[in-house]
Amino acid sequence: MKALLIVDVQYDFLPGGALAVRDGDQVIPIINALQPKFDLIVATQDWHPADHGSFAVNHPGTRPGEIIKLSGADQVLWPAHCVQGSEGADFHQDLDRSRWKRVFQKGTNRLVDSYSGFYDNNRMGDTGLSDFLKKERVTQVFVAGLATDYCVKFTVLDSLSEGFDTFLIEDATKGVNLSEQDSNNAITEMKMAGAKIIQSRLVG
Ligand code: VGL
Ligand code: ZN
């Protein structure tokens with residue numbers, strides 16, 4: 001069984017959003033065209049409390065892009081984004097949600113960020129995604145969405161470590177690129193870890 005995993009296609013990561021990914025909206029029609037090729041579709045949703053520790057505004061004197069220690073780990077500080085219940089946390093209205101089986105929310109613990117849809121960055125909190133996919137007898141996981149260099153990358157790496165045959169659908173993702181090469185480096189890292197990098201037109 002193969003599953004499509006759609007990562008964080010939310011207004012705050014799209015042009016005009018608080019943490020906008022350049023051309024992020026270009027993934028929407030590609031993801032919509034992919035969905036009929038899958039019998040199982042799930043999504044992740046970045047879902048932070050307003051006092052989340054990854055927001056620069058919650059650390060007076062800091063700015064987005066700076067790195068601090070949060071619960072002992074290096075943490076990039078972000079503009080406030082995907083606050084629970086806000087419009088920015090909503091999925092884009094053009095994204096077809098009609099066949100999604102479940103949405104896995106992440107980033108709810110203010111003390112640790114959670115880029116992956118499986119586990120938080122300290123590998124403590126578990127969204128239940130891995131157990132869910134295993135119960136559904138999924139063996140192949142195809143990942144699309146935002147952002148290539150953060151949530152998509154960590155989701156792909158955790159998917160591999162959970163034993164799933166994992167595919168990155170390259171043209172169905174876009175990166176933040178705080179540094180110019182971040183997305184390219186992320187793709188190399190995913191490939192080195194065992195992910196297969198494919199294009200959407202080649203998904204059967
Ligand atoms: C993400 C930064 C902070 C993402 C989420 O979805 O890639 N990036 N929170
Ligand atoms: Zn976030």
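Atoms within a ligand are numbered from 1 in the order they appear, just like the ligands themselves.
Remark: minimum distance from atom 8 (N) of ligand 1 to any protein heavy atom is reached at Tyr150 CB, 3.7 Å. Scanning all protein heavy atoms for the shortest distance to atom 1 (C) of ligand 1 gives Cys151 SG, 3.1 Å.
One of the N, O or S atoms belonging to His81 lies under 2.8 Å away from the Zn ion (ligand 2). Among the backbone and side-chain atoms of His52, none of the N, O or S atoms lies under 2.8 Å from the Zn ion (ligand 2).
Heavy-atom neighbours of Met1 CE from other residues, nucleotides or ligands within 6.0 Å: above the threshold of 12. Environment of NZ in Lys101: sparse, with no more than 12 heavy atoms of neighbouring residues, nucleotides or ligands closer than 6.0 Å.
Remark: ligand 1 atoms within the under-4.0 Å shell around heavy atoms of His81 are 3 (C), 9 (N). Ligand 1 places these atoms under 4.0 Å from at least one heavy atom of Ala147: 4 (C), 6 (O), 7 (O). Those atoms of ligand 1 that come under 4.0 Å of a heavy atom in Asp8, given as number and element, are 4 (C), 6 (O). Every atom of ligand 1 is numbered from 1 in the order shown, and the set under 4.0 Å from a heavy atom of Trp78 is 2 (C), 3 (C).
We find that Asp23 and Lys174 are not joined by a salt bridge, their nearest charged nitrogen and carboxylate oxygen being 4.0 Å or further apart. One finds a salt bridge joining Lys196 and Asp165 here, because a Lys/Arg side-chain nitrogen approaches an Asp/Glu carboxylate oxygen to under 4.0 Å. Under a 4.0 Å N-O distance rule, the pair Asp8/Lys106 qualifies as a salt bridge.
The one candidate from Gln140, Glu136, Lys135 that meets the side-chain contact (heavy atoms from CB on, under 4.5 Å) condition with Val138 is Glu136.
At a heavy-atom cutoff of 4.0 Å, ligand 1 is contacted by no atom of Val76, backbone or side chain.
Taking 4.5 Å as the limit, some side-chain heavy atom of Ile169 sits within range of a side-chain heavy atom of Leu34.
No other N/O/S atom of Asp46 lies as close to the Zn ion (ligand 2) as OD2 does.
Of the candidates Val7, Asp46, Asp149, Val176, Asp46 brings a heavy atom nearest to atom 5 (C) of ligand 1.
Ring geometry for His81 versus Phe13: interplanar angle of 30 to 60°, hence tilted.
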